[in-house]
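Below: the structure, in structure tokens.
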Amino acid sequence: MRSYPSRSDRRSPLRKLRTLGIALTAGAALSAASLAAQDEPDPAASPDLFLRANKVIVSPGKSLDNMGLLVRDGRIVAMGKDLAAPEGAQTIEGEVICAAFIDPWSVAGVDASSARSDRVDTASRATDALDPYGQDEVLDDLLASGVLMMRVEIGSAASVSGVGAVIRADGATPVLADAAISARLNTPGLDPVSRVGQVDRLASALGGAKKYADDTAAFESNLKTWEEEIAKKETELTEDFKKAKKARDKKVKEGKEDGEEVKEKKYKEDKRPSPPKFDAKKASLARAVGGEVPMVIHVEQALELRELLRVTRPFTRMRMVIAGGRCALLFADELAERGIPVIVTPAPSSPGGDVGEMDPGFALAGELSARGVEVLIGSGATSASASRDLPLLAAAAVGHGLDEDAAFHAITAGPARVFDLQSKVGSVRRGLHADLLVLSGDPLSSSTRVLASISGGKVVHQAGN
Amino acid sequence: MLISCLIAAAPLLGATAADDAFALRASHVHVGDGQVVLDAFVVVEDGVVKSVSNNAPRGVRVVEVDGHIAPGFISLRETLGAGSENSERTRKSTPTADLSFAFDPTSPSWKGLVAEGVTTVLLPAGSSQIAGGQAAIVSPAAGEVLKRNAVVTLGLSRSALGSSTAPTSFAGLYAHLGEQFDAASEGSPLADAKAGKVPVMMRAVTRSEVSRALDFAAAHGLKGAVLGAPEADDLVDEIKASGLGVVFESKAAPASSQDVVKSALALSKAEVPFAFTSDAGSQGPLGMRMQAAACMRAGLEAGAALRAMTADAARIAGVDATHGTIATGRAADLVVWSGPPTDLTSRVHSVYAGGHLVHSAHAHGAHQ
Amino acid sequence: MLTSLILSAAVAASGSSVPADGTSWTIHADKVYTSTGKVHESALIVVEGGKIRAITPGVEATRDALKAAVVTAGMIDASARLNSGTTSVEQSSEVTPLVSAEFGVDLFSPGWGRLARKGVTSAFITPLNQNCIGGMGTVLKTAGDRSVKGRTVEGAPMICGAIGSQPSQRNSSAFGRPTSFFNRRPTTRMGVEWEWRKSLFEAAQAKEPDASQKVLLDALAGKVGVFVQAWATQDIRTAVFLKEEMAREGFGEMRLVIDAGAEAWREPAMLVRSNTAVILPPVPAQGRTTDGALMSVECASVLRDNGVSFALSGHGGSRLDLQAGLAMRGGLTREEALRAVTLTPAQLLGVDGRVGSVEAGKDADLILWNGEPFEATTRPVGVLVSGHLALDPR
Amino acid sequence: MKSSLSQPLLALGATLLLASSAAAAPQVDKTAVKAGTVITLTGEAIPDGVIVIEGGRVTAVGAASEVQIPWDATVIDQPGMVAFPGFVEAHAARGIDRPNETLDVAPFLDVKDSIDPVNFYFEEALRQGILTINVQQGNDTVVAGQGMVVKPFGMTVEQMMVRPRSGVKISAAPKRGKTRATQAQALRGAFDDLRRYLEEMVQRQKDGDDFDRREALYQGRELEGEAAKGKPLACSGWTIDGFERVPRGEVDEKREPLLRIIEGKLPVIMWCATPMDVHAALRVAEANGFTATMTLALAPACWKAAAKIKASGCSVILAGLEDEELDPVTGESIETFVPKVFHDAGIPFALMSTGDANRSLWYQAARCVANGIPRADALAAVTTAPAEMLGLGDRVGKIAKGTDGHVVLFSGDPLDITSVVEHVILDGAHVYDRSKDVRVKQLFDGTRPPGTASDTSGEEDWPGDGDDPEGDDETENNG
């Protein structure tokens with residue numbers, strides 16, 4: 001099991017990797033093996049695990065007092081006030097138990113060059129760039145800070161950057177290999193015309209993908225009808241065969257007599273319809289247009305966002321998510337009405353609360369949520385280690401007007417819902433995956449410590465050792 | 001948002017008439033040295049704290065505030081408003097330069113900083129000079145210089161070395177600095193630093209830069225602090241022995257820079273005074289609190305975190321007689337919080353600088 | 001009788017458990033090469049407070065002794081090139097005798113541990129070779145104390161510089177360029193030689209010499225050694241001719257050491273004549289190395305055959321024990337190779353009073369080998385630096 | 001520079017020696033090598049042993065007392081020397097004029113067309129006692145061309161050839177201009193494209209057949225039952241129904257090698273620069289069913305994926321002996337001796353020689369011994385192990401009845417730092433004699449014997465070398 005104790009001295013996992021030798025890499029290898037077995041919790045997880053706390057936050061704003069939790073094979077199998085620890089179960093107690101934090105916008109666990117690349121397309125996959133080795137240190141710190149899952153992207157320098165994944169910080173293992181397609185409309189230093197141009201290019205790409213999807217659908221129906229016709233024709237022909245043969249034999253006979261070749265009857269039939277030329281990029285983008293996966297678009301400024309909201313109206317099935325959105329307040333009503341969530345990144349670097357500028361800084365989250373927009377809080381994929389700040393960012397958002405439950409939602413249930421994982425993680429219920437935190441106090445309070453991090457039923461961090 | 005800003009803007013123009021005497025009553029009063037007085041009255045007179053006690057003062061207007069009162073935060077480096085005016089490029093050393101003249105009181109960005117509860121700021125010289133000048137301590141809210149020639153700033157990191165200007169080597173740097181100190185005439189800044197009258201702030205980043213700086217400080221009997229030193233925990237014994245403090249530079253995300261977090265914990269364990277910087281220009285006004293909160297989530301006590309942003313910061317800057325704590329005779333730089341001041345989830349209700357209300361988050365709230 | 005006494009003392013010492021400071025040990029080796037020509041069989045070495053206290057041959061290992069097949073003195077890299085690069089050399093002038101290399105030292109660089117674990121226990125640190133006369137070098141232990149002072153091994157002072165292409169690299173004429181102090185001589189080898197001669201002459205003829213000229217005067221008088229990097233034949237010649245010219249001028253006999261003398265094998269007679277010592281650079285992978293100098297594994301034995309005093313070096317990046325092995329491949333005996341990485345460099349740097357051989361009273365800088373030293377099939381399995389375990393054999 | 005007139009003549013002489021013996025090689029029928037020690041690598045070393053080579057193959061090996069030397073055999077008697085099978089280089093992107101094409105996917109290329117018989121590298125290999133070399137393209141690729149196993153002697157590629165089409169070089173590490181994500185994408189794309197191409201082929205065939213059938217029905221003809229023209233697709237990764245309908249000959253020759261890869265008929269050498277590349281490599285191999293025929297060529301850092309590799313059953317070629325990482329927290333360097341990790345994990349491994357003349361395969365093996373790997377296993381990693389990987393286990397890497405007539409005579413034990421190669425017998429022909437070696441004689445001036453081209457393929461082709469403190473060359477670490 002790959003569980004690092006929190007570092008008490010200046011020793012990094014590398015050292016441990018070395019000292020523990022292969023045993024550790026076995027862990028990493030194992031987790032990578034689960035690439036195939038997607039989102040199923042690791043069956044080889046530790047034995048029974050029993051958690052107890054004075055307060056269990058089952059979902060934002062809803063908590064139960066003095067509960068026990070039983071974790072088995074990576075899942076929460078029982079919850080109850082008078083639930084007792086079974087024989088031989090590892091027991092961890094704390095003040096608060098809640099769902100693990102999920103960073104909806106991160107590059108942690110992704111190979112750095114792929115994360116920064118500008119050479120990716122819609123068919124590129126974040127799962128191809130997961131690096132459990134190179135970012136040992138970073139991932140280790142995430143486990144300690146309670147951020148156990150991230151939605152990761154690649155190609156932060158590309159306008160459209162392909163299929164992102166939701167991964168566990170523990171070994172950078174995928175939970176969901178196709179979490180979202182992501183695009184960017186924030187190329188710095190462009191003049192207004194080309195800024196709008198960016199949006200139009202995105203729009204036409206979406207349009208192209210939609211057409212490709214339609215063509216494919218059309219081909220499939222055509223093929224169906226053609227096959228039916230041909231089948232019919234074939235049965236007819238088989239029925240008429242004897243007659244046809246007689247006729248021919250006759251001809252042949254006559255032919256023999258006046259020594260000339262038989263002229264065969266010309267046979268005609270409709271050609272088999274051919275599929276549209278295969279295009280991996282379009283095929284991938286089409287899934288976002290069709291709403292199979294969310295479409296996350298990083299946009300900060302008003303011009304782009306206004307344009308974007310306009311051009312995307314026709315794509316009714318697309319599930320759009322705005323990332324960044326410093327100017328989102330200006331369009332709060334439309335965002336709320338169209339149910340478009342916003343991943344706010346209250347970067348400490350944004351000049352605070354200064355309304356001379358368009359950037360409301362830390363107050364953005366609070367004000368958007370007050371206007372009925374679903375707010376997620378993400379670390380902004382600026383660097384792999386940035387995700388570590390997630391609970392701090394959420395807390396700071398509370399300090400600037402966001403409701404405490406909304407802030408908690410923004411880094412747990414929210415991301416889980418937006419990226420179709422609510423049936424697995426993001427809240428604490430029987431049957432859900434055991435991705436949990438045991439805390440010494442309220443999740444967002446600065447004086448709270450993460451006592452234990454449980455990822456897919458495994459204890460991946462425990463304070464003190 | 002808009003309203004609050006207008007409110008905040010007003011005092012900066014010095015428009016409010018100061019209450020010459022009033023008292024604030026709060027459920028918690030954080031003195032700044034670690035202790036907390038419950039349900040206390042803070043009496044302010046002529047911009048100075050007159051008393052902190054549990055019994056109501058007579059004859060002064062009492063303002064009930066709901067929440068916690070804490071000393072205004074002190075940032076030990078802030079280049080906001082100074083822009084690039086804080087380092088002289090033509091010379092490697094300008095020890096007598098006075099940073100108070102780099103202070104731009106009208107810079108709009110100060111508002112953001114005040115709104116985060118920072119009432120006192122140290123303006124040091126940039127790190128590209130070796131002896132860049134004397135840092136000034138200013139009140140961004142009042143737009144005033146509180147103390148000139150407060151701290152001598154020294155740049156002992158690689159960024160003080162030139163690639164095609166002398167010195168290019170640490171040997172050259174220390175030779176140069178040595179000469180500066182030896183040549184320092186009575187009463188000059190460097191002489192005062194040697195005499196221990198004025199604290200120094202030496203920027204040193206890598207461990208070897210820090211240990212060289214410590215040696216130099218020991219050789220010349222300097223007091224004050226090292227600025228930078230993210231890996232201070234690796235040198236905690238040496239630093240403890242040197243009697244110097246450490247000022248951590250707030251980093252861009254992640255604020256929970258593990259180096260700084262580990263170092264802060266180690267220093268606090270060894271009882272070495274340390275402080276943070278806000279660097280709002282690059283890190284935003286919250287950088288300082290984020291860093292402190294990161295340390296707390298890793299185990300630093302709230303009291304220690306608050307000290308680092310108030311009392312200890314004042315001590316390092318040599319202004320602990322007037323700032324950094326809520327006690328009789330100290331400047332009335334007070335911040336009213338919705339909860340514990342070190343908790344990121346707490347909001348700033350109102351900010352007083354020298355007894356003036358300089359920021360109020362909501363039209364209602366602090367004042368009934 | 002006597003031995004038995006020492007032995008009992010030794011055993012007593014070894015019997016006592018290791019003191020807290022962790023600089024006292026007993027070590028048993030099947031074979032000890034002392035670097036002084038002596039070889040002890042099955043010897044017990046007692047280390048106390050970082051010093052070698054006693055060596056007792058022909059005894060069995062005590063229970064708590066560190067065991068090794070062979071023990072030798074720690075290696076001394078006379079050209080370790082372990083400094084923090086450009087920040088170690090003051091380039092605002094071409095001649096900076098007052099600069100001390102210790103300011104360029106970064107004790108926290110991983111290079112130190114790397115050296116120590118490979119058996120290098122002392123290293124000569126010089127300013128980067130970008131100046132004609134860069135400044136004073138210094139000998140540091142590769143592990144142990146956390147301060148430069150604590151690591152320093154006081155030796156004969158050495159002024160370090162370079163002759164060849166390096167010192168002229170960044171310089172240029174001011175024409176059409178933004179002016180910087182790089183607009184100056186030397187831009188050629190001639191210029192480099194000119195800078196050397198100029199500064200030496202000026203020092204020698206100065207009415208009242210300034211601080212840096214005093215250093216150069218000591219160099220001319222042979223009180224301060226002159227450590228000159230010179231890869232190729234023409235540069236080695238320049239250095240020697242300079243020394244001889246100064247002698248003719250009656251300025252004094254410089255104590256000259258050629259660093260990185262890859263092509264010293266070409267004209268050994270000249271080196272003998274001028275009694276100049278040579279530090280050989282690592283053997284290049286394919287014939288040629290810096291400044292186009294040619295070198296092969298045989299160079300060391302050529303110098304030996306001609307009676308030139310020489311040491312081997314690793315330039316930080318290359319394992320010094322491998323260099324010794326390659327010298328053996330080129331014809332040196334094991335003992336000669338050992339001397340060239342221990343006692344000889346110690347003598348050249350004037351630190352042989354403390355390090356360079358396995359003798360009672362010297363620093364406990366020891367390498368524990370798992371076989372005969374410098375073989376490709378062996379390596380240091382334990383290293384002591386001033387008694388500190390830099391590599392634990394257990 | 002001591003350039004004498006005699007020197008070029010000497011060089012000429014040497015080449016003549018080589019040339020003549022090359023020409024002579026077929027004629028030399030019977031050779032017997034007597035040596036003080038014969039290391040066969042099939043068992044204990046034989047003191048004072050004899051090796052008899054007839055028609056280029058070893059016909060007898062044993063103690064002088066037991067082996068009968070044919071009366072008409074040429075006897076090479078070196079009582080002071082040690083006879084050794086000769087080293088096997090499992091992988092070298094050298095001796096060719098350019099290690100890589102710009103093309104992403106080019107499995108149809110063959111190094112045969114770029115091997116340069118007079119390349120300096122082969123001369124040096126002979127001098128180092130490396131008698132079997134698997135020449136492959138470089139790592140800067142997605143799917144590169146096919147390699148070839150050669151011996152470092154001969155005037156033409158045909159003379160040198162031991163086995164053609166020895167395997168295709170694939171890289172899991174990003175080619176220049178690609179990232180890990182796009183490299184994996186390109187790799188996946190290459191095989192997806194093959195699959196789509198084959199599916200379309202089959203579809204066209206099906207359509208055609210169906211049409212013929214219906215036409216016959218319509219015209220009332222009996223359709224002469226068409227026999228399946230091809231073989232079914234034998235890929236354990238994926239398959240295509242009705243592939244047997246397609247005649248193999250119709251498969252585009254540019255794609256044909258990929259088809260042979262997924263059918264496990266063409267071995268793969270997969271380059272990985274980091275442990276995460278190993279995951280990518282195994283993913284694509286599993287998906288396309290060539291894990292069993294894949295050998296991993298690894299940069300030192302890949303030791304961290306040892307467990308994963310062990311599970312895959314792949315054998316590995318190690319480019320570089322030591323991995324060094326800087327602890328991100330302390331900045332301390334952490335060294336790992338890579339072969340030990342694989343040895344302890346029980347993964348078959350081969351070593352690679354660096355460009356350093358003084359630290360060839362013998363040195364790589366010796367370092368393994370120094371770091372605690374048993375001598376037998378260390379020697380295997382430069383002889384029998386790579387031989388097995390190349391499917392030449394019964395021919396090279398050891399001396400036994402029936403193996404190729406290769407013998408290297410060392411001046412001492414092959415792993416001694418002072419030992420050098422004195423003689424090389426290749427297919428029974430005496431092709432190298434150190435006493436006549438121009439370069440050794442002229443060691444002090446770097447001239448090359450006339451007619452040897454320089455080795456153009458650079459070391460940078462193996463990032464492993466760079467990471468490897470053992471494999472350093474003149475490094476000024478004060479820049």
Side-chain angles (χ1 to χ4, degrees), chain C residues 80-86 88-89 104 108-114 117-118 126-130 166 260 262 265-266 281-290 294-299 302 314-319 322 324-326 328-331 370-372 374-379 381, chain D residues 1-2 120 124 322 324-327 330-335 337 354-360 362-373 375 378 411 413-420 439-440 442-448 454-455 459 465 469-479:
Chain C
R81 313 227 159 177
L82 193 67
N83 51 32
S84 45
T86 53
S88 71
V89 57
F108 298 88
S109 131
W112 295 100
R114 215 178 278 144
R117 284 191 295 277
K118 304 282 189 205
T126 68
L128 180 58
N129 54 20
Q130 295 296 303
Q166 285 84 359
W265 58 271
R266 281 198 195 275
V283 178
Q286 308 282 5
R288 292 200 177 276
T289 171
T290 311
L294 264 171
M295 184 183 175
S296 80
V297 291
E298 284 82 356
C299 293
V302 171
H315 287 199
S318 183
R319 280 172 37 231
L322 169 65
L326 293 180
M328 283 172 66
R329 195 170 174 76
N370 60 355
E372 287 292 338
F374 313 136
E375 285 297 332
T377 51
T378 65
R379 69 185 176 95
V381 289
Chain D
M1 297 286 282
K2 51 164 128 170
F120 170 50
E124 186 61 28
E322 270 201 12
E324 187 189 35
E325 309 162 89
L326 289 190
D327 183 321
T330 60
E332 256 299 318
S333 87
I334 304 166
E335 293 120 354
F337 190 76
T354 69
D356 188 331
N358 296 307
R359 288 179 288 165
S360 179
W362 71 271
Y363 177 81
Q364 307 290 315
R367 290 318 288 166
C368 292
V369 175
N371 286 273
I373 295 175
R375 178 184 162 97
S411 60
D413 182 277
L415 299 191
D416 275 0
I417 190 111
T418 51
S419 297
V420 293
R439 192 184 314 279
V440 172
Q442 301 297 321
L443 242 172
F444 283 96
D445 70 39
T447 52
R448 298 195 163 131
S454 76
D455 179 17
E459 287 313 293
D465 292 353
E470 299 269 347
D472 54 39
D473 43 34
E474 173 50 35
T475 47
E476 296 290 299
N477 82 333
N478 49 15

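Fair warning: this is a prediction, and the values are worked out from it, not measured in the lab. Labels below follow one simple rule: chain letters A, B, ... track the order of the sequence lines, proteins then strands, and each chain is numbered from 1.
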With no hydrogens and no angle check, do the side chains of S333(D) and R117(C) hold a donor and an acceptor under 3.5 Å apart?
yes

What do the steps show when you test R367(D) against T377(C) for side-chain contact (heavy atoms from CB on, under 4.5 Å), and what is the final call?
CA-CA 5 Å; R367(D) 290 318 288 166; T377(C) 51; over 6 Å; no

Please give me the minimum heavy-atom distance between A370(D) and A376(C), naming the atom from each residue.
CB-O, 3.5 Å

Atom pair CZ/CD of R114(C) and E324(D) - distance to nearest 0.5 Å
4.0 Å

Measure the CD1-CD distance between I417(D) and E372(C) for me, rounded to the nearest 0.5 Å.
13.0 Å

Can you sort out the partners of E375(C) under side-chain hydrogen bond (donor to acceptor under 3.5 Å, both in side chains), two or more places apart, ordered by chain and number?
R334(C)

Are the side chain of N358(D) and the backbone of A285(C) linked by a donor-acceptor contact shorter than 3.5 Å?
no

For D413(D), enumerate each residue passing the salt bridge (charged side-chain N to carboxylate O under 4.0 Å, His left out) test, keeping only those at least two apart in sequence or located in another chain.
R375(D)

Closest non-hydrogen contact found for R329(C) with D416(D) is NH1-O, 4.3 Å

